[in-house]
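To start, the structure under review is shown below, and the notes come after it.
This one's a predicted model, so the numbers in the text were calculated from it and none came from an experiment. Whatever order the structure lists ligands and atoms in, that order sets their numbers, starting from 1.
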Amino acid sequence: MDLKPNHTTPVLADPATISNSRLVVSSGLLPCSPPGSVFSPNLSTVPRKKAGILDDVRASSWLDAMKSSSPRHKITRDYNHELLSADTDVAYRTWMVKYPSALKSFEQITNFAKGKRIALFLDYDGTLSPIVDNPDLAFMSIDMRAAVANVAKYFPTAIISGRSRAKVYEFVGLTDLYYAGSHGMDIMGPVREPSDHTPNCIRSTDKQGKEVNLFQPASEFLPMIDEVFNSLVKSTKEINGAKVENNKFCVSVHYRNVDEKNWKTVAQCVHDVIRNYPRLRLSHGRKVLEVRPVIDWDKGKALTFLLESLGISKCDDVLPIYVGDDRTDEDAFKVLREGNCGYGILVSSVPKESNAFFSLRDPQEVMEFLKSLVTWKKTSAR
Ligand SMILES: O=P(O)(O)OC[C@H]1O[C@H](O[C@H]2O[C@H](CO)[C@@H](O)[C@H](O)[C@H]2O)[C@H](O)[C@@H](O)[C@@H]1O
């Protein structure tokens with residue numbers, strides 16, 4: 001798995017947190033890139049571990065990981081249920097001491113944002129739309145769409161999703177945003193000036209005919225991904241409930257609707273296919289196995305790339321906020337935490353270790369947060 005949370009540094013260098021003894025107060029600055037540094041995409045490949053992550057799908061750790069992804073509360077009845085709910089509640093509230101609610105900490109966030117330009121980065125599944133059994137039906141609500149449209153009027157806003165860019169655009173359906181699909185491996189962003197010569201970055205036009213930059217660092221993998229997609233469709237077709245999704249530069253193999261006793265078979269099928277592709281690796285999301293190129297590129301790199309494209313990566317007067325629910329979002333949280341340059345907000349209704357600073361319980365709370373940002377912006381002369 002890709003996630004290696006840093007449990008030891010839950011500190012927020014935020015001068016607005018003076019009253020919060022848990023958090024460390026820094027010099028008052030949130031440096032973005034170190035002065036003079038210019039982000040240039042590093043597309044070197046990440047060496048795949050010699051023994052593939054799935055080399056022994058019988059290994060209990062792998063199956064445990066499959067089981068623990070996207071945990072659901074088990075509903076028990078009556079008295080037991082009440083006890084369980086109470087325990088869950090206590091565990092969640094304890095966890096929130098480490099990851100405070102972004103709604104309850106709203107004043108702290110906006111205090112820190114004073115005089116800065118907020119840039120918003122939003123994951124899609126589980127963040128803007130609730131997790132549902134059928135990935136093709138993961139629609140966002142009309143209210144959420146309105147909230148995203150509204151927030152994008154006031155702050156530069158980008159969606160960074162594991163879906164294909166085309167699919168996430170189809171779901172969101174808003175034009176005034178930037179979109180990054182395939183976990184950031186397919187970015188349609190603003191034209192960078194002076195025009196740069198980043199490999200795999202070309203000028204293009206969006207659906208409205210506006211000039212944009214198209215950055216696809218894994219373009220050479222396209223035929224391979226298509227091949228793997230077809231092989232996976234074939235090899236999993238007998239597994240009831242398994243679904244393979246082509247996300248353009250990566251492939252998702254969903255096991256949410258597969259009987260748990262067949263999860264090992266799903267893992268075995270994926271393993272048998274990708275063992276022939278040393279330039280592909282596997283990561284793990286919410287009841288989904290994700291096959292992707294081994295290039296050193298993820299949502300964190302995409303976030304940095306977009307900030308740079310927007311021309312706001314090197315200033316002290318920008319506050320990037322990234323909202324996401326999944327393991328792949330941790331790469332972006334980590335960039336913000338380690339760069340000490342913005343806030344990650346984890347969307348989760350269960351306690352989870354994370355590199356985020358704040359939390360929101362579910363997409364409903366995400367919507368409230370977006371609305372609050374708009375109200376704050378409108379009511380204050382900033
Ligand atoms: O980066 P994201 O926008 O969060 O995309 C990550 C994956 O999300 C989708 O799968 C997840 O949501 C589905 C719909 O709610 C759910 O059925 C599935 O179990 C979840 O894993 C999407 O289908 C994947 O392709 C994305 O990689």
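In the vicinity of Val288, heavy-atom distances shorter than 4.0 Å reach the ligand 1 atoms 21 (O). Shown in contact with Tyr124 at under 4.0 Å from a heavy atom are these atoms of ligand 1, numbered in order with element: 3 (O). Near Asp133, the atoms of ligand 1 lying under 4.0 angstrom from a non-hydrogen atom of the residue are 17 (O). Those atoms of ligand 1 that come under 4.0 Å of a heavy atom in Glu245, given as number and element, are 22 (C), 23 (O), 24 (C), 25 (O). Atoms of ligand 1 found under 4.0 Å from any heavy atom of Glu290 (numbered from 1 in listed order, with element): 27 (O). Within the listing of ligand 1, atoms 15 (O) sit less than 4.0 angstrom from a heavy atom of Pro130.
Asp298 pairs by the side chain to side chain donor-acceptor pair (under 3.5 Å) definition with nothing, not counting sequence neighbours.
No part of Ser129 comes within 4.0 Å of ligand 1, judged by heavy-atom distances. In Asp329, neither the side chain nor the backbone holds a heavy atom less than 4.0 Å from any atom of ligand 1. The side chain of Ser252, and not its backbone, has at least one atom closer than 4.0 Å to an atom of ligand 1 (non-hydrogen atoms only; side chain from C-beta on).
A side-chain donor-acceptor contact under 3.5 Å links Asp186 and Gln216. For the 3.5 Å distance criterion, the side chains of Tyr277 and Glu227 qualify, holding a donor opposite an acceptor.
Between Ile187 and Trp297, the shortest heavy-atom contact is CD1-CZ2, 4.2 Å. Shortest non-hydrogen contact noted between Val270 and Leu232 is CA-CD2, 3.8 Å.
In terms of protein heavy-atom proximity, atom 16 (C) of ligand 1 is nearest to Val132 O, 3.2 Å. Given atom 20 (C) of ligand 1, the protein heavy atom at minimum distance is Arg286 O, 3.3 Å. At the top of the distance list for atom 7 (C) of ligand 1, counting protein heavy atoms only, stands Asp125 OD2, 4.1 Å. Looking from atom 3 (O) of ligand 1 to the surrounding protein, the closest heavy atom is Ser161 OG, 2.7 Å. Of the protein's non-hydrogen atoms, the one nearest atom 19 (O) of ligand 1 is Arg256 NE, 2.5 Å. Of all protein heavy atoms, the one lying nearest to atom 10 (O) of ligand 1 is His254 CE1, 3.4 Å. Of the protein's heavy atoms, Asp123 OD1, 2.8 Å lies nearest to atom 2 (P) of ligand 1. Of the protein's non-hydrogen atoms, the one nearest atom 6 (C) of ligand 1 is Asp326 OD2, 4.2 Å.
Asp317 and Arg117 are not joined by a salt bridge, as no carboxylate oxygen comes within less than 4.0 angstrom of a charged side-chain nitrogen. In summary, Lys167 and Glu245 do not engage in a salt bridge, as defined by a charged side-chain N under 4.0 Å from a carboxylate O.
Using a 30° and 60° split on the angle between ring planes, Tyr124 and Phe171 fall in the parallel class, below 30°. Taking the six-membered ring where tryptophan is involved, the planes of Phe155 and Trp376 are essentially parallel, since the angle between them stays under 30° and well short of 60°.
For CG of Leu137, the number of neighbouring non-hydrogen atoms (other residues, nucleotides, ligands) closer than 6.0 Å is greater than 12.
Because its NZ or CZ atom is both nearer than 6.0 Å to the ring centre of Phe112 and within 45° of the ring axis, Lys116 counts as a cation-pi partner of that residue. Relative to the ring axis of Phe249, Arg165 does not place its NZ or CZ within 45° and under 6.0 Å from the centre.
Residue Cys250 places no heavy atom under 4.0 Å from ligand 1.
Summarising the contacts of atom 1 (O) of ligand 1 with Lys299, Arg327, His183, Lys167, the nearest heavy atom is found in Lys299.
Of the N or O atoms in Ile131, none lie within a sub-3.5 Å distance of an N or O in ligand 1.
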